[in-house]
J.: 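Have a look at the structure that comes next, please.
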Amino acid sequence: MKKDIHPRYETVVFRDKSAGTTYLTRSTLMSDERLEVDGVTHPVVDVEISSASHPFWTGRGRVVDTEGRVERFRRRYGTPTEGASR
């Protein structure tokens with residue numbers, strides 16, 4: 001492996017401020033901001049969404065209106081004629 005061409009791969013804290021959770025993992029992302037975890041100071045990277053705040057994983061997802069999609073398609077593009085090849 002060539003020296004000095006690869007990014008540094010170090011322990012980093014990912015912080016989801018909306019959920020108030022932190023994840024200690026390894027990454028090539030770096031930051032000037034630091035956070036102490038278990039007595040050790042690590043760079044911290046803020047993320048907008050994580051599994052702690054994503055609606056799919058938290059069960060707080062909203063229901064998407066699926067009714068009317070076919071009717072909206074038919075209104076927009078017309079109904080297919082009988083005997084049309086598929």
J.: Show me the pairs that pass salt bridge (charged side-chain N to carboxylate O under 4.0 Å, His left out) and involve residues 14-28, at least two apart or across chains.
T.: R15-E33, R15-D46, K17-D46
J.: Out of curiosity, does V44 fall in the hydrophobic cluster containing L24 (side-chain heavy atoms, cut-off under 4.5 Å, transitive links)?
T.: yes
J.: Check whether any side-chain heavy atom of T22 sits under 4.5 Å from a side-chain heavy atom of V37, and report yes or no.
T.: no
J.: Looking at V45, is its backbone amide N or carbonyl O close enough to the side chain of S31 to form a donor-acceptor pair, meaning the two atoms are under 3.5 Å apart?
T.: no
J.: Which atom pair, heavy atoms only, marks the closest approach of P43 to T11?
T.: CD-O, 3.6 Å
J.: Are L35 and F14 linked, directly or through other ILVMFWY residues, by side chains that come within less than 4.5 angstrom of each other?
T.: no
J.: What heavy-atom pair brings M30 and E10 nearest, and what distance separates the two atoms?
T.: CE-CB, 3.7 Å
J.: Of the non-hydrogen atoms in I5 and K2, which two are nearest, and what is the gap between them?
T.: CD1-CB, 3.6 Å
J.: Should we say atom CD of E36 is surrounded by more than 12 heavy atoms from elsewhere, each under 6.0 Å from it?
T.: yes
